[in-house]
Q: 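Here it is, the structure in full.
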Amino acid sequence: ALSEHFFDNAHFTTYASSMEHVADRNTVVLIFVDFAVRRMAINFHLTSLRRHGISNYLFVTSSEDLCDEFWMRSIACYVYSEENSKNAKKLTAYGTKDFIQKMNVRTYMILNALKLGYNILHTDADMYYYANPLKRIEELCGDGCSLAVLVDYKVLNAGFVYLRNTSDSIEVYEIMKNIAQKTSKDDQVALNEAVAKIPTLRYVKLPISEFKCGKHFYDLEKRDFVSDNPCRSCQVIHNNFIVGMEAKEYRFKEMHQWEFNEDGYYTTRGIKFITYANRQNQSWFLQKKSLRNALA
């Protein structure tokens, strides 16, 4: 894979040249971002891409301003389309028309990348990688698999999909494109419908023990703080099933999955931070009493 210091935006004048420049073994990690997820995207680069030496990635955005900032941070970026630029800075709520329009841009960029001949790992920015997941995904996918998808509690998650460049994977995204153009459905609904329409499609549901949505990792497996139930088998987690970017960011911080320190959260001078841990052998009554004493 290419090291980050080789990235030069002169090679990113077209989508095809961008893909060619970052690809490793004909595979590219694609991440669609806009200003609404700017902080989340930079944190993802720090905690998951750079930390694990993943350099065959490309951030795709509709915002020239955001892409300029990414290049200043030595983050590979390409301005894919102006069609969604009016919504690029908006914090869109899940399920709204603007949100659906943003998400469907992902369908177009993935389909174009597949038609250029690349294998794609499409990943949302609100993810945390415990390791580079590509090798494990390729093992699970085997030789004949076209798609490998994270399970979003009960459905396939359009935010984390590995796609081999096959006629079946292209057909899936052609169907999704048609759904996007003719309906108001988002790309996750479209993905699940498209997969169901191709009976010959060979795809893999990534094991929940290693690839977890937020419902499993945080809620069902009861993780609120970094010391809660450490995950020894985790490859990837998705910080979803929670409302709002501020809530996602706070949850990442509590789990020590956040490094972006733009606002001085970890280094602010003059603020007295406090930590407290109850003794494990105390009764609940004594734990509450101890906490009251500590706060006092």
Side-chain angles (χ1 to χ4, degrees), residues 36-52 91 93-95 99 123-133 136-137 140 149-157 159-160 188 205-296:
V37 295
R38 169 187 168 272
R39 289 170 61 85
M40 195 68 62
I42 296 171
N43 184 70
F44 175 69
H45 178 260
L46 291 171
T47 62
S48 298
L49 298 177
R50 192 172 74 176
R51 176 180 291 176
H52 301 300
L91 281 170
Y94 179 85
F99 177 88
T123 179
D124 279 350
D126 57 342
M127 296 272 183
Y128 181 83
Y129 291 2
Y130 285 82
N132 183 340
R136 180 60 178 147
I137 293 171
L140 291 164
V149 193
L150 186 145
V151 178
D152 204 25
Y153 189 41
K154 294 183 179 180
V155 297
L156 304 181
N157 186 342
F160 191 84
Q188 181 142 308
K205 294 181 180 179
L206 294 171
I208 294 172
S209 59
E210 300 174 58
F211 299 83
K212 298 180 184 290
C213 69
K215 181 73 172 177
H216 279 284
F217 183 85
Y218 296 104
D219 296 340
L220 297 180
E221 297 173 12
K222 301 186 184 304
R223 295 184 179 92
D224 294 313
F225 305 103
V226 68
S227 59
D228 295 342
N229 189 19
C231 187
R232 309 297 184 192
S233 60
C234 282
Q235 290 273 333
V236 170
I237 63 164
H238 193 180
N239 188 0
N240 61 355
F241 285 87
I242 193 171
V243 178
M245 283 297 159
E246 293 86 354
K248 290 187 178 195
E249 184 173 322
Y250 182 77
R251 187 157 71 172
F252 265 161
K253 286 174 177 175
E254 290 293 353
M255 291 298 299
H256 293 191
Q257 295 162 344
W258 187 270
E259 288 187 14
F260 186 40
N261 196 35
E262 181 180 49
D263 54 4
Y265 179 84
Y266 298 110
T267 54
T268 300
R269 296 179 179 272
I271 294 179
K272 296 179 180 179
F273 294 97
I274 185 171
T275 60
Y276 172 80
N278 276 318
R279 292 175 59 184
Q280 296 299 313
N281 60 349
Q282 284 184 330
S283 68
W284 175 234
F285 172 79
L286 289 175
Q287 286 185 38
K288 287 193 292 183
K289 184 176 180 180
S290 296
L291 177 58
R292 289 193 190 100
N293 290 338
L295 290 172

Q: What closest approach, in Å, do D219 and F241 show between heavy atoms, and which atom pair accounts for it?
A: OD2-O, 4.2 Å
Q: Would a distance-only check, ignoring hydrogens and angles, find a side-chain to backbone donor-acceptor pair under 3.5 Å from H45 to R50?
A: no
Q: Could you tell me whether the side chain of D228 and the main chain of D224 form a donor-acceptor pair under 3.5 Å?
A: yes
Q: What's the shortest heavy-atom distance between V151 and K205, and which atoms?
A: CG2-CB, 3.7 Å
Q: To the nearest 0.5 Å, tell me how far E249 CD sits from N239 CG.
A: 10.0 Å
Q: Find out whether the Lys NZ or Arg CZ of K212 is both under 6.0 angstrom from the six-membered ring centre of F217 and within 45° of the ring's axis.
A: no
Q: If every non-hydrogen atom of D126 is compared with every non-hydrogen atom of H238, which pair is closest and at what distance?
A: OD1-NE2, 2.9 Å
Q: Which residue is it: K253, E246, E254? I am looking for the one with a side-chain hydrogen bond (donor to acceptor under 3.5 Å, both in side chains) to Y250.
A: E254
Q: Which atoms form the tightest heavy-atom contact between N261 and Y266, and what is the distance?
A: OD1-N, 3.0 Å
Q: Quick one: CD on E221 to SG on C234, what's the gap to the nearest 0.5 Å?
A: 7.0 Å
Q: Can you check whether Y128 and F44 have ring centres sitting under 6.0 Å from each other?
A: no
Q: Does the plane of the ring in F252 sit parallel, tilted or perpendicular to the ring in W258? Use 30° and 60° as the thresholds.
A: tilted
Q: Just so I know, are the side chains of V236 and M127 near enough to count as touching, which here means a heavy-atom distance under 4.5 Å?
A: yes
